[in-house]
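Numbered from 1 within each chain, the chains take letters A, B, ... in sequence-line order. Side-chain atoms are counted along with the backbone in the values below, which use heavy atoms only and exclude waters and symmetry mates.
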Amino acid sequence: MSAQITMTQAINRAIDEAMAEDEGVILLGEDVAAKQGGGVFKISSGLTEKYGEKRIRATPISEQAIVGACVGAALAGFRPIAEIMLMNFVTVAMDQIVNHAAKLRFMSGGQTNVPLVIRTTTGVGVGFGGQHSDMLEAWFAHVAGLKIVTPSNAADAQGLMRAAIACNDPVIFIENILCYGLKSDDPGPGHIVPLGKAAVTREGSDCSIITYGRTVLDALEIAGKLSEEGISVEVIDLRTIAPYDEATVTASVQKTGRAVVLHEAVKQYGTGAEIASRLNEKLFGKLKAPVTRIGGAFSAVPMANALEQAWIPNKDAIADAVRSAVNWKG
Amino acid sequence: MSAQITMTQAINRAIDEAMAEDEGVILLGEDVAAKQGGGVFKISSGLTEKYGEKRIRATPISEQAIVGACVGAALAGFRPIAEIMLMNFVTVAMDQIVNHAAKLRFMSGGQTNVPLVIRTTTGVGVGFGGQHSDMLEAWFAHVAGLKIVTPSNAADAQGLMRAAIACNDPVIFIENILCYGLKSDDPGPGHIVPLGKAAVTREGSDCSIITYGRTVLDALEIAGKLSEEGISVEVIDLRTIAPYDEATVTASVQKTGRAVVLHEAVKQYGTGAEIASRLNEKLFGKLKAPVTRIGGAFSAVPMANALEQAWIPNKDAIADAVRSAVNWKG
Amino acid sequence: MTETTIDRDKLRDIYTRTMRVARADEKFRSLLMTGKLAVIYYTVRGQELVSAAAMAALEQDDYLVTTYRGQHDQIAKGVPLNPLFAEIAGKVGGTCRGKGGSMHITHPETGVMVTTGVVGSGLPIANGLALASQNRGDGKVTMVCFGDGATNIGAFHEAMNMAQLWKLPVIFLCQNNRYGEHTAFADHTKVDSIVTRARAYGMEGVKVDGNDAIAMYNMTKAAVDRARAGEGPTLIEAMCYRMMGHFFGADFSYMPPEHLAEMAAEDPLPRLRQLMLDHQFSEAELDAIVADLDAQMDAAAEFAANSPLPGPEEIRKDVFEEEIAA
Amino acid sequence: MTETTIDRDKLRDIYTRTMRVARADEKFRSLLMTGKLAVIYYTVRGQELVSAAAMAALEQDDYLVTTYRGQHDQIAKGVPLNPLFAEIAGKVGGTCRGKGGSMHITHPETGVMVTTGVVGSGLPIANGLALASQNRGDGKVTMVCFGDGATNIGAFHEAMNMAQLWKLPVIFLCQNNRYGEHTAFADHTKVDSIVTRARAYGMEGVKVDGNDAIAMYNMTKAAVDRARAGEGPTLIEAMCYRMMGHFFGADFSYMPPEHLAEMAAEDPLPRLRQLMLDHQFSEAELDAIVADLDAQMDAAAEFAANSPLPGPEEIRKDVFEEEIAA
Ligand SMILES: Cc1ncc(C[n+]2csc(CCOP(=O)(O)OP(=O)(O)O)c2C)c(N)n1
Ligand SMILES: Cc1ncc(C[n+]2csc(CCOP(=O)(O)OP(=O)(O)O)c2C)c(N)n1
Ligand SMILES: [Mg+2]
Ligand SMILES: [Mg+2]
């Protein structure tokens, strides 16, 4: 049996490798240094010991200052990583991300650029309630100048983090709390997964499920179950939302003729809307059933476990959406 | 000829009427009081003189504090109006809007609610450049708990503002700088336009253009031109993005069989994606051509006038999209 | 000048509030330890007295805004135990029908208007509640609680400046427990005291030993009186300790041993008991108060256990005034 | 102790920088008045000397972050006039190929790294530039300019605290022109001086008459020296006036007559000229400097007028490193 690695270890290793190679790679965030235990999710564990407190900087609770300092350091040629402890806290740093990180290359006519990675985590099902569980990737996807990464497994997380740090544009790197413990076969050191390339995680011929992040696991589970019913599901893991791998997605749906777009974020005005619209534009008249979107409920994430479970995209509903597509009669 | 009223006057009148009726209606924002000249766009002109500085409060440059104070006052039973001078500055107040205003009713189990109106303005074509021109309504539409209003003419602005202030939930009220001077026939005092009702601004049978805000004017102009070519365009002015008037929009497209969704905001991941997705879901197999989306270019808004004009949804491109839909052969 | 003495009834009141907080906290921890509750809980151990004395200086209809670490504030303010326990357990009988949870307790009848999970966000909202009172002339005061770590975030700054500019009837109660998550005070700012910050807005600011019941109460009372008299806001920096880490069960090995020792020595509960004895309260009377509270805790835990789980239809309710269609 | 004298070459340098700013501002205004330019322009009239003296204390490769009202800072820092004029005119020959405009001038060769249109946003970014210098040990200093109104926004607070915590080599230059848009200083905060705020972070803070060339230069120089020596940041509050309203052409009737009179009396340009004469510069020498500058302005205006308009393909460039497909 080959060695295994968790997503936490994978992200840590990718940052470690990048820091060893380039003095300009630094990490700023609340509690990230050794003195604070290496971050609340331990992603930066061991790094201060190796690279020192000038490169692993534990910050005050000041997200605007964290992202802003990373933007500035990036302008000076560094490759900073900003940790925003939970995704909902980007709401206090949107100006730095959207008006500055995303736009400075353009507004300067290409004289400057912002090679910055903003790492953050989130996820529904942890019991963190309304202000600590949102998935806000659709906001960032609406902003020109940002790249968006959402790994679903440890190996990809490692490889995508390396690519994100190497990228000369700002990257929003979204981790899912519930995925930190997931294990992959160890991809070994130096592993890189290029941005903008989706993975066909399972091949199938009847319907494509297009998803990313934690719900890739749901999709694979459902694909397995449906195969017992004779329905062959193809699972596409986007890996990066932006750049969007239109070629891979369109080819898959062209082949299967049916698509379900799935994400944990609220369905309405989510990334699924863009993907569904594009599929409809590209494949008008060629689809065998309407593209279905499945996402979180249209409410804040409730705290009570019973409600939180009802809020999350439901596996039965996903399976039903695939069945409806396959059985579509119009 | 009936009396005319500009959008500036219309919004001012609606606020004035609401303030006269209810002591709880207050306005907070930068430069909004008489001492500062009644707001940079003069929306609150004359109101301090009538209602005093306790109700028309000019604030420091502190958007989080502005929105937060309005959230608090709303919780105490007031109906505050927050003015965010330009829409890009919501980026520093997203936490208050998204984590608080939008969610407090839900998270409190209905014990509290936030009857707040956040007025803001924006618009491309003014020469304000990359950090002062964005249309960010899609972000808010992705958040459960917010209503979103985008008037395209003075009379609607008046009526929608009255409805927004009367609404017991938070409303984002988006004005377009280029529309402030637009005139409507005076709808008279007390005019109310309910939230959630789109207007069929021009009837037609070949193709629906679904839009809102300033681009309604473009749509009407194009509809006029295309009628000379024998193409009959129906123009739907959403008036409110949320609640979305699905019945009116779906009925229109069911009738015409073709749709172009148009907005000034960046096309990718814009509100057009949601609307197109819904049309495709509802009318699968019944559409005569793919739903087209038209929006701003995928970049920051450039400052140079030549580039800004190239950035804005182009009238020829809109007309061409309608023509393509009508001539669609598959 | 702030008073330096206290009347006996007020002292009994503070003791009762403190012990209500302490016994509830202990109960939550025991429910968590025995697996009867499985939620994130930000224990208030060490900060009981700060809130008890502060809330004793407020009226029931004064407004309170607090944070995820807010159970001491809510209980001291008067939120009834049954719905509080049920909310933390995610039950329909909870203050918020289970939708909010411990980070978002709301209870307008006792003035608890917002409990926020976002650091610093309560301060601007508190201003708005105070603004409504100022315009109405209803004489209410708003108190907002937050930690030392929160004083470095933008919302703190904007809210402080605005409150002083408009002389709002609001009290900023910074519970300085010397840590923000894993970061010690000296590692998040270079000032010795948050009171320095009050000066940066021209605001009145006082530092107080939060474990000194008399000082804590009198300082708060003075601030409340000033606010009610229209003299504007006050920042109170109440020094205290976060005795059981950031949240219950979390590792706190990052705290140096000297700090742990200092913290243990400063436990407010034995100190308050001694103060009560010094003020001629009998052991028996004090024990009776606690026994009564413990009975209330058991009842509340029972109530929460028996309260039904919310049904999925709750997700469509309270998003807007109108229910969302299924 | 800060110096109170200045050497003649430095004074000439400051005079030249001041007049370069002043003549450029006048040129912009005349282009706008005659309709040769139709853009929003935040005139720097009244604040010329503040930047000239401040930038004279920096090296060319020190970093600068400024705002929409930043032409004085950029010109004094050394941004060449031809691309600056062309950028404001929205031409391909502009610093940013017309994409940025006057609110977003960028020119890394002269250290101008960011010009932001969002109030307060430059401060956190300046920290990052300074952090890079600190880690590299390259000895560079970062200066960030902002207005009095900006000191009430959250980003100011967060950035100040972080800069002091990490002793970053950054200088916060608050150009206190007594107004933020239409709001007078006393209507946006209750403190008398922004220097009070520096204390709230344990930071060194100094207030200076920004129209006193010697004081302004020496204060800045002292701050630069401290920063380069690794002694940390300084807040400088430079008092000045915004003599022509918020942006060119904007009504400023909201300014009371006393303020207008005071402002006129405090015009830095005649005062600086007198200072130069006092220092034995001849009228002829001073006039020659201005005449030379005016020729440069004419040339820059000409350059801008002749520079081509950017083509629509520019919209797909510089969004990402890779060009966006058509
Ligand atoms: C804006 C924001 N950033 C980060 C967090 C994560 N977080 C939760 S509590 C906390 C520490 C707060 O410290 P302090 O204000 O001292 O309060 P205490 O927990 O000590 O009571 C942090 C960083 C958050 N909730 N909100
Ligand atoms: C976050 C934000 N809010 C509001 C504005 C609108 N605005 C532009 S300039 C300005 C006034 C700034 O005043 P000050 O900081 O004193 O600078 P000055 O213009 O006087 O140089 C305002 C409110 C903005 N650009 N950014
Ligand atoms: Mg703390
Ligand atoms: Mg100013």
Are side-chain N/O atoms of D:His259 and D:Tyr241 paired as donor and acceptor at under 3.5 Å?
-> no
Determine the interplanar angle of the D:Phe146 and D:Phe156 rings, folded into 0 to 90°, and report it as parallel if under 30°, tilted if 30 to 60°, perpendicular if over 60°.
-> perpendicular
Which portion of B:Asp31 sits near chain D, non-hydrogen atoms under 4.5 angstrom = both
Yes or no on salt bridge (charged side-chain N to carboxylate O under 4.0 Å, His left out) for B:Arg323 and B:Asp320, after CA distance, side-chain angles and deciding distance?
-> CA-CA 5 Å; B:Arg323 288 188 197 101; B:Asp320 280 347; 2.6 Å; yes
Of the listed D:Ile153, D:Asp318, D:Val319, D:Ile315, the one with the largest count of heavy-atom pairs under 4.5 Å with chain B is D:Ile315
Let me know if D:Leu309 has heavy atoms under 4.5 Å from chain B in its side chain, its backbone, both or neither.
-> side chain
Assert yes or no for the condition that the ring centre distance of D:Phe248 to D:Phe28 is strictly below 6.0 Å.
-> no
Between D:His246 and D:Arg69, do the side chains contain an N or O donor and an N or O acceptor separated by less than 3.5 Å?
-> yes
Between D:Pro256, D:Gly117, D:Gly90, the one whose heavy-atom pairs under 4.5 Å with chain B are most numerous | D:Gly117
Residue part contacting chain B, namely of D:Val119, when any heavy atom lies under 4.5 Å = side chain
Which one of D:Gly154, D:Gly100, D:Ser102 has the most heavy-atom pairs closer than 4.5 Å to chain B?
-> D:Gly100
What part of D:Thr116 gets closer than 4.5 Å to chain B, counting heavy atoms only: side chain, backbone, both or neither?
-> both
Are D:Arg178 and D:Met239 close enough that some pair of their side-chain heavy atoms sits under 4.5 Å apart?
-> yes
Engaged part of D:Ile324 at the chain B interface, taking heavy atoms whose separation is under 4.5 Å | side chain
